[in-house]
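Everything below concerns the one structure shown next.
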Amino acid sequence: RLQGQPVSVADMFAKETKRVELLAMGAVMHAEIALGHTPRDVSADKCGYDIESTDGKTSRLRFIEVKGRMAGAETVTVTRNEVVTGINSAQQYVLAIVEVDGDSVKTPIYVRQPFEKEPDFEATSVNYRLADLIAKGAFPS
């Protein structure tokens with residue numbers, strides 16, 4: 001835009017989404033380290049979660065899917081792969097929801113066993129009401 005070139009709404013939305021995702025990932029990584037765990041970013045691997053974190057006490061792995069949402073958002077989209085991974089690894093899986101308001105990041109909310117059933121095979125993603133998920137969650141532990 002500074003060079004006089006038009007910027008599409010889609011481009012602006014994509015950049016804002018990426019910024020929110022990065023802030024959310026940072027908040028969850030920080031929370032995991034504060035708990036004494038060793039987190040590792042595996043988001044590029046498309047394995048159904050974003051962070052693989054080794055529990056500092058038990059050495060068990062935790063699979064954390066991070067969802068950063070802008071303040072005021074009412075839904076969150078979860079891919080079929082994320083839901084299936086959450087069901088198949090229910091004891092290890094955490095859905096971490098992080099609200100981002102400008103540059104302010106709230107404490108993550110960890111939702112354990114967030115999913116009850118797989119989506120239809122034809123579904124690529126599912127929308128959940130954010131308030132319902134948050135009500136089932138708690139601060140990181």
Side-chain angles (χ1 to χ4, degrees), residues 1-3 5-141:
R1 194 165 51 174
L2 292 174
Q3 296 175 343
Q5 301 298 318
V7 177
S8 74
V9 173
D11 286 344
M12 288 176 22
F13 181 76
K15 287 179 183 175
E16 184 64 8
T17 299
K18 186 65 175 170
R19 186 184 75 78
V20 169
E21 288 173 3
L22 290 173
L23 288 169
M25 283 287 289
V28 174
M29 295 287 260
H30 179 75
E32 286 296 295
I33 291 167
L35 292 169
H37 305 321
T38 306
R40 183 171 66 99
D41 182 344
V42 295
S43 57
D45 298 344
K46 304 293 183 199
C47 52
Y49 52 91
D50 296 312
I51 297 172
E52 190 174 274
S53 188
T54 304
D55 187 301
K57 294 178 185 166
T58 66
S59 296
R60 293 191 72 206
L61 288 178
R62 298 154 54 98
F63 306 137
I64 305 171
E65 173 57 31
V66 179
K67 294 295 181 184
R69 303 299 295 141
M70 287 187 238
E74 295 182 5
T75 61
V76 63
T77 302
V78 183
T79 68
R80 183 178 200 290
N81 186 37
E82 292 162 354
V83 173
V84 170
T85 301
I87 291 170
N88 290 338
S89 303
Q91 297 302 314
Q92 297 168 277
Y93 192 89
V94 176
L95 178 64
I97 301 169
V98 182
E99 185 178 334
V100 176
D101 189 0
D103 290 328
S104 175
V105 180
K106 289 191 176 181
T107 301
I109 299 295
Y110 280 17
V111 184
R112 289 181 167 64
Q113 298 180 351
F115 312 119
E116 296 176 14
K117 62 179 183 170
E118 287 186 30
D120 292 339
F121 187 75
E122 296 82 8
T124 57
S125 63
V126 182
N127 284 338
Y128 289 88
R129 277 192 300 269
L130 204 50
D132 293 345
L133 288 172
I134 290 172
K136 292 172 37 175
F139 290 121
S141 63

Next on the checklist: Between M25 and I51, is the side-chain contact (heavy atoms from CB on, under 4.5 Å) condition met? List the steps.
Outcome noted: CA-CA 8 Å; M25 283 287 289; I51 297 172; 3.7 Å; yes
Item to check | Donor on one side chain, acceptor on other, D41 and S43, under 3.5 Å | outcome: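 Yes, because at least one side-chain N or O of D41 sits under 3.5 Å from a partner of the opposite role on S43.
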Checklist entry - Will you find, in the side chains of N127 and T77, an N or O donor that is under 3.5 Å from an N or O acceptor? => result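 There is such a pair between these side chains.
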At what distance, to the nearest 0.5 angstrom, does [atom1] of [X] lie from [atom2] of [Y]?
| X | Y | atom1 | atom2 | answer |
| --- | --- | --- | --- | --- |
| L22 | M29 | CG | CE | 11.5 Å |
| I87 | E116 | CD1 | CD | 9.0 Å |
| L23 | D103 | CG | CG | 6.5 Å |
| D101 | R69 | CG | CZ | 13.5 Å |
| Y128 | L95 | OH | CG | 9.0 Å |
| R62 | Q91 | CZ | CD | 12.5 Å |

Check: [Y] and [X] side chains under 4.5 Å, non-hydrogen atoms:
| X | Y | result |
| --- | --- | --- |
| T75 | L130 | no |
| I97 | I134 | yes |
| P39 | I33 | yes |
| V78 | S125 | no |

Next on the checklist: Using the side chain to side chain donor-acceptor pair (under 3.5 Å) criterion, which residues pair with D132? Sequence neighbours excluded.
Outcome noted: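 R129.
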Item to check | Stepwise side-chain contact (heavy atoms from CB on, under 4.5 Å) test for V111 and V94 | outcome: CA-CA 6 Å; V111 184; V94 176; over 6 Å; no
Checklist entry - With sequence neighbours left out, which residue pairs that include part of residues 46-86 fulfil the ring-ring contact (aromatic ring centres under 6.0 Å, His included) condition? => result Y49-F63
Checklist entry - Per the side-chain hydrogen bond (donor to acceptor under 3.5 Å, both in side chains) rule, which among E32, Q92, H37, R40 passes with S53? => result E32
Checklist entry - Thinking salt bridges, do E21 and R19 make one under a 4.0 Å N-O criterion? => result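 Judged by the 4.0 Å cut-off on N to carboxylate O distance, E21 and R19 do not form a salt bridge.
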Next on the checklist: Could you walk me through whether E65 and K67 satisfy the salt bridge (Lys or Arg N to Asp or Glu O under 4.0 Å) test, starting with their C-alpha distance in whole Å, then the side-chain angles of each, then the deciding distance to 0.1 Å, before giving a yes or no?
Outcome noted: CA-CA 7 Å; E65 173 57 31; K67 294 295 181 184; 3.4 Å; yes
Next on the checklist: If you count every heavy atom of other residues, nucleotides or ligands that lies below 6.0 Å from K46 atom NZ, does the total exceed 12?
Outcome noted: no
Next on the checklist: For a side-chain contact (heavy atoms from CB on, under 4.5 Å) check, start with the C-alpha distance between V20 and M70, then their side-chain angles and the critical distance, and finish with the verdict.
Outcome noted: CA-CA 7 Å; V20 169; M70 287 187 238; 3.7 Å; yes
Item to check | Chi angles and distances behind the side-chain contact (heavy atoms from CB on, under 4.5 Å) call for Y110, K136 | outcome: CA-CA 9 Å; Y110 280 17; K136 292 172 37 175; over 6 Å; no
